[in-house]
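Reading through the structure tokens given below for one structure.
Any value given below was found using the heavy atoms of this structure, including those in side chains, with hydrogens, waters and symmetry copies removed. Numbers restart at 1 for each chain; the letters A, B, ... are given by sequence-line order, proteins then strands.
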There are 2 protein chains.
Amino acid sequence: MNEPSTIRPRRITSYDVARAAGVSQSTVSRCFKDDTKISPKTRDHILRIAREMGYTRNALARSLITQRSNMVGVIATAFTIRNNPELIYAVGDALQNSGNSLFLMVIKDDDSIGASLQKAVEYPLDGLICCAQMPPDWIEQFATRGVPLVFFNRVVETTVADCIALDHATAGQRIADVLFEAGHRSFVCIRGPDRAPVSQLRVEAFQNRLHSLGIGTIPTLSTDFSYAEGRRSFLDLMARMDRPDAAFCANDQLGLGVLDACRFDLGWQVPDDISVIGFDDIAEAGRPSYALTTVRQPIVDMAETAVSMLLERMEEPDLEARRIMVQGELIRRSSARLAGT
Amino acid sequence: MNEPSTIRPRRITSYDVARAAGVSQSTVSRCFKDDTKISPKTRDHILRIAREMGYTRNALARSLITQRSNMVGVIATAFTIRNNPELIYAVGDALQNSGNSLFLMVIKDDDSIGASLQKAVEYPLDGLICCAQMPPDWIEQFATRGVPLVFFNRVVETTVADCIALDHATAGQRIADVLFEAGHRSFVCIRGPDRAPVSQLRVEAFQNRLHSLGIGTIPTLSTDFSYAEGRRSFLDLMARMDRPDAAFCANDQLGLGVLDACRFDLGWQVPDDISVIGFDDIAEAGRPSYALTTVRQPIVDMAETAVSMLLERMEEPDLEARRIMVQGELIRRSSARLAGT
DNA sequence: TTGTAGGCGTTATCAG
DNA sequence: CTGATAACGCCTACAA
């Protein structure tokens with residue numbers, strides 16, 4: 001008959017090692033725990049044999065009995081991954097340093113989170129860092145199941161999950177203030193997708209502040225948060241209106257697009273003809289080719305804090321919910337004419 | 001006495017559902033398999049009760065018996081994550097579409113892969129996509145254990161793993177050719193870390209080609225692959241030598257740094273005073289502020305292919321090793337004076 | 001179609 | 001210090 005040319009080899013288990021070492025399976029198991037009593041002699045003996053046989057503990061089987069998978073889920077949108085890759089690295093690194101693993105669930109946008117949440121409870125994960133919006137009933141769900149949850153840059157009204165976020169609103173106001181003080185009186189806004197909460201917070205705070213300073217309606221465009229859309233939509237807008245004094249962009253990608261539109265498509269001088277301000281302080285914003293004035297979001301610090309909060313809550317599930325608001329730092333560069341300090 | 005204010009709730013199991021529904025545990029289990037025979041009536045009944053109780057199958061327990069965790073590991077360096085975030089997204093998305101999950105292991109650089117490999121066998125993962133160098137004995141290890149393995153942009157001489165990589169060498173030669181044809185005769189190279197294989201392949205091919213065209217030793221600097229280092233080290237070099245005709249940078253980040261050094265620090269005209277060429281075609285390279293001539297690496301396509309290859313091998317472990325070399329596309333922009341076509 | 005029983009690879013609890 | 005034995009939560013013959 002036809003016999004398979006290769007069979008997936010059976011995994012070597014602690015029983016195999018036990019047999020080879022002439023001890024019981026539980027003794028083998030004990031070898032790999034630190035705080036247990038076992039004679040150094042047998043331990044060495046068993047460990048050597050285990051190494052020879054290529055034995056490794058099965059983490060899945062272990063987590064079944066210990067009730068901990070040592071895996072932490074991270075839910076992140078395409079945009080977050082593209083725009084803040086350091087976040088992924090920082091979170092992964094911090095998790096690994098604490099003996100956990102990173103179970104990454106990527107989603108298209110904030111609205112397509114469903115399947116990931118399902119997976120998070122199925123696996124089950126020891127904790128969850130969510131960089132996206134989550135329906136309230138799911139938040140409850142995780143709380144009931146005792147799965148620690150930290151929101152990253154998504155503000156949620158709940159008492160059962162921690163959250164860390166930039167204070168987008170205060171920063172948006174601040175930008176309105178410094179532009180106004182510098183004498184700017186006509187503005188436009190380029191924002192991200194309508195459903196992106198981060199964009200919304202930044203832009204609304206900006207607009208509200210200007211309104212209270214007596215500025216009327218501010219022309220505002222929604223885009224997909226990308227350089228290309230920022231550039232294109234700004235040109236669109238400029239074809240229909242006079243040049244404003246200043247443009248506020250909900251993130252740096254948009255800001256770079258607007259800058260290039262000004263310089264290369266419209267032939268305007270920045271900041272003499274127009275001030276441009278972005279948000280995030282991504283690497284490119286600081287380069288001399290752009291020198292974009294922006295608000296710095298300390299993403300790596302925030303990532304590390306998020307992991308710490310999660311780990312704390314994993315230790316101490318009864319901790320009351322914490323809400324950390326990180327203040328952004330205004331980074332003054334040459335893309336905007338601003339009033340001094 | 002003190003009683004815990006919260007206890008981690010016991011997980012609801014299929015036994016709980018069975019009891020509530022008045023059936024046996026195995027019947028509950030069967031409800032969640034498609035191809036099994038069960039009367040529609042009892043199925044609906046059980047599913048409804050399961051939903052009411054908030055029951056979800058435990059994926060870990062399931063994988064213990066099915067011998068598949070449905071988790072695929074991805075090992076990526078800090079640099080890869082930072083510079084090719086789309087890779088992470090694309091891989092994650094493709095995996096999820098095939099019913100698998102992404103177990104992400106981040107490492108500092110190619111040399112610090114050890115712990116991740118250990119985890120990969122421990123968990124155990126159903127497959128591994130490795131974007132880093134791997135010691136040969138570990139490659140064997142995975143083969144013996146029957147864990148499918150795909151290398152991404154790392155060329156390995158092995159018959160037991162697939163690999164997909166850009167043809168860095170051919171691209172490096174090509175750049176040498178077009179620069180030489182355009183009349184350039186003096187060159188410098190800015191490369192990545194000494195241990196970064198990708199950088200090495202690109203630069204060595206470039207240098208070898210020029211040697212065979214009669215060009216002598218080419219001043220070459222090693223850096224950390226970053227914009228800042230590219231800019232700084234190029235300035236260093238220029239302080240010690242005459243202006244070369246062209247600079248080849250092992251990636252676009254370096255290229256952008258060198259461009260800014262030329263324009264903002266040295267006051268040179270690009271490409272009149274010097275031609276600058278990068279590698280990767282990252283988004284910023286295409287923007288008018290830079291317009292960096294470079295080689296396009298179709299990272300998303302490559303990511304999807306890598307996942308396909310892995311899935312195929314998971315189905316068919318006996319497949320013989322495949323080695324896909326992707327040809328890069330020279331993208332001509334205004335940072336380099338090149339010969340036609 | 002449904003129930004019974006054994007097993008996946010560990011860890012934990014007790015005796016010895 | 002070590003060895004039985006019972007979980008952990010599920011899947012899957014096999015029997016009914």
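Closest approach to the A:Ile65 side chain among D:dG9, C:dA12, C:dT11 is made by C:dT11 (side chain taken as heavy atoms from C-beta onward). Side-chain proximity of B:Ser39 to C:dT1, D:dC10, C:dT10: nearest is C:dT1.
Residue B:Arg30 is in base contact, counting any heavy-atom pair closer than 4.0 Å across all strands shown. Counting any heavy atom pair closer than 4.0 Å across all strands shown, A:Thr42 reaches sugar-phosphate atoms only and no base atom. Residue B:Phe32 is classed as having no contact, given no heavy-atom separation below 4.0 Å to the nucleic acid. In this structure, A:Ser29 reaches the bases: a heavy-atom distance under 4.0 Å links it to at least one base atom across the strands shown.
Contact annotation: B:Arg57 side-chain N/O to D:dC10 OP1/OP2 distance is not under 4.0 Å. For the OP1/OP2 pair of C:dA12 and a distance below 4.0 Å, the side-chain nitrogens and oxygens of A:Lys33 include at least one atom meeting the criterion.
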Checklist entry - Taking it one step at a time, do B:Glu122 and A:Thr56 satisfy side-chain hydrogen bond (donor to acceptor under 3.5 Å, both in side chains)? => result CA-CA 6 Å; B:Glu122 275 196 9; A:Thr56 320; 6.0 Å; no
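For the atom pair CD1 of B:Ile46 and CD1 of B:Ile38, the computed distance is 5.0 Å after rounding to the nearest 0.5 Å.
Within a 6.0 Å sphere centred on CD of B:Glu52, other residues, nucleotides and ligands contribute more than 12 heavy atoms.
For the segment residues 15-28 of chain B, residues with any heavy atom less than 4.0 angstrom from an atom of DNA chain D are, sorted by number, B:Tyr15, B:Gln25, B:Ser26.
The distance from atom CZ of A:Arg145 to atom P of D:dG9 is 13 Å, rounded to the nearest whole Å.
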